[in-house]
Amino acid sequence: MAYWLVKSEPSVYSWEQFTSEKQTIWSGVRNYAARINLRAMKKGDEVLYYHSNEGVEIVGIAKVIKEAYQDPTTEDDRWVAVDLKPVRKLKKSVPLEIIKKEKQLANMDLVRLGRLSVQTVKEEEWKMIMQMAGEGK
DNA sequence: GCCAACGTTGGC
DNA sequence: GCCAACGTTGGC
């Protein structure tokens with residue numbers, strides 16, 4: 001089981017929209033580093049859902065329901081998409097500001113590689129986030 | 001193949 | 001709205 005983090009601008013595709021649609025195609029990624037991560041996603045992997053620009057916080061958990069396939073939004077077969085579905089909203093959203101203050105999370109991709117839109121999350125990082133979100137585990 | 005210029009992302 | 005950081009492009 002691996003953990004991931006995806007970003008979305010709420011004005012483009014928010015968590016609320018995601019949950020009301022029950023699932024979504026995570027397409028339109030045009031970045032090589034992000035593509036490597038998309039390809040590595042396995043069915044059942046859990047994904048943190050992060051709101052960029054507005055909110056600037058992790059708001060919920062999603063799950064991979066379909067592994068990488070050709071991105072339907074382009075003819076170019078080099079790009080891939082995955083299908084995600086919402087699992088649940090976090091009890092408490094975890095703002096980037098708080099993550100930055102947490103020493104154990106200083107090396108998270110979210111902090112180091114701010115602009116990467118699909119990131120890996122280590123198990124320890126996932127656990128920390130869950131604690132900070134008030135999720136008992 | 002290097003690197004400067006440019007465009008985009010995203011935090012503030 | 002500004003600007004820093006970073007990825008991509010293109011000239012040489």
Side-chain angles (χ1 to χ4, degrees):
Chain A
M1 166 81 84
Y3 299 106
W4 309 93
L5 178 145
V6 296
K7 299 184 171 186
S8 183
E9 297 186 36
S11 60
V12 177
Y13 195 80
S14 68
W15 171 261
E16 288 71 25
Q17 201 175 340
F18 181 33
T19 48
S20 72
E21 289 179 8
K22 309 287 191 242
Q23 72 175 72
T24 193
I25 301 173
W26 208 259
S27 60
V29 172
R30 298 291 182 270
N31 172 286
Y32 292 98
R35 187 181 67 190
I36 290 167
N37 291 333
L38 278 182
R39 285 206 171 129
M41 285 187 185
K42 296 289 176 221
K43 199 171 172 180
D45 282 356
E46 292 187 297
V47 182
L48 296 172
Y49 197 97
Y50 175 82
H51 275 172
S52 62
N53 282 325
E54 295 167 50
V56 194
E57 60 193 4
I58 298 168
V59 291
I61 300 171
K63 183 178 260 200
V64 178
I65 53 171
K66 188 173 174 189
E67 296 175 14
Y69 57 97
Q70 192 196 330
D71 188 336
T73 64
T74 175
E75 297 279 298
D76 194 333
D77 60 11
R78 293 174 305 164
W79 298 109
V80 296
V82 297
D83 288 357
L84 299 179
K85 74 165 191 192
V87 175
R88 66 178 183 280
K89 192 172 183 177
L90 293 176
K91 281 185 189 144
K92 286 186 292 182
S93 297
V94 182
L96 179 61
E97 195 189 347
I98 305 296
I99 292 172
K100 282 185 168 168
K101 284 183 185 155
E102 177 51 61
K103 289 196 193 77
Q104 293 182 59
L105 296 177
N107 287 323
M108 259 191 95
D109 287 353
L110 190 62
V111 177
R112 289 188 312 120
L113 308 170
R115 297 184 47 201
L116 185 60
S117 59
V118 181
Q119 315 183 343
T120 57
V121 176
K122 296 187 197 72
E123 195 180 344
E124 311 88 76
E125 293 168 347
W126 179 275
K127 284 178 181 161
M128 277 298 302
I129 301 282
M130 288 305 118
Q131 271 181 33
M132 292 159 88
E135 300 279 337
K137 250 259 173 85

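These numbers come from the heavy atoms of this one structure, side chains and all, not from hydrogens, waters or symmetry mates. So you know, we letter chains A, B, ... as the sequences are listed, proteins then strands, and number each from 1.
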If you compare every side-chain N and O of [X] against the phosphate oxygens of [N] (OP1, OP2), does one of them come in below 4.0 Å?
{"X": "Y50(A)", "N": "dG11(B)", "answer": "yes"}
{"X": "K7(A)", "N": "dT9(B)", "answer": "no"}
{"X": "K100(A)", "N": "dC12(B)", "answer": "yes"}

Please report the distance, rounded to the nearest Å, between [atom1] in [X] and [atom2] in [N].
{"X": "H51(A)", "N": "dC12(B)", "atom1": "NE2", "atom2": "P", "answer": "17 Å"}
{"X": "M108(A)", "N": "dG11(B)", "atom1": "CE", "atom2": "C1'", "answer": "16 Å"}
{"X": "N53(A)", "N": "dT9(B)", "atom1": "CG", "atom2": "C1'", "answer": "8 Å"}
{"X": "N31(A)", "N": "dA5(C)", "atom1": "CG", "atom2": "P", "answer": "18 Å"}
{"X": "I99(A)", "N": "dC12(B)", "atom1": "CD1", "atom2": "C1'", "answer": "16 Å"}
{"X": "R112(A)", "N": "dG11(B)", "atom1": "CZ", "atom2": "P", "answer": "16 Å"}
{"X": "Q119(A)", "N": "dG10(B)", "atom1": "CD", "atom2": "C1'", "answer": "12 Å"}
{"X": "Y32(A)", "N": "dT8(C)", "atom1": "OH", "atom2": "P", "answer": "6 Å"}

Plane angle bin for W26(A) and Y49(A) - parallel if under 30°, tilted between 30 and 60°, otherwise perpendicular: perpendicular
- prompt: Base, sugar-phosphate, or nothing: which does L96(A) touch, judged by heavy atoms less than 4.0 Å apart?
  reply: sugar-phosphate
Side chains of L5(A) and V47(A) in contact at under 4.5 Å (non-hydrogen atoms): no
message: Exactly one of I36(A), N37(A), N31(A), V82(A) should register a side-chain contact (heavy atoms from CB on, under 4.5 Å) with V118(A). Which one does?
response: N37(A)
Sole candidate of S20(A), S8(A), P86(A) that passes side-chain contact (heavy atoms from CB on, under 4.5 Å) when paired with W15(A):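 The option that passes is P86(A).
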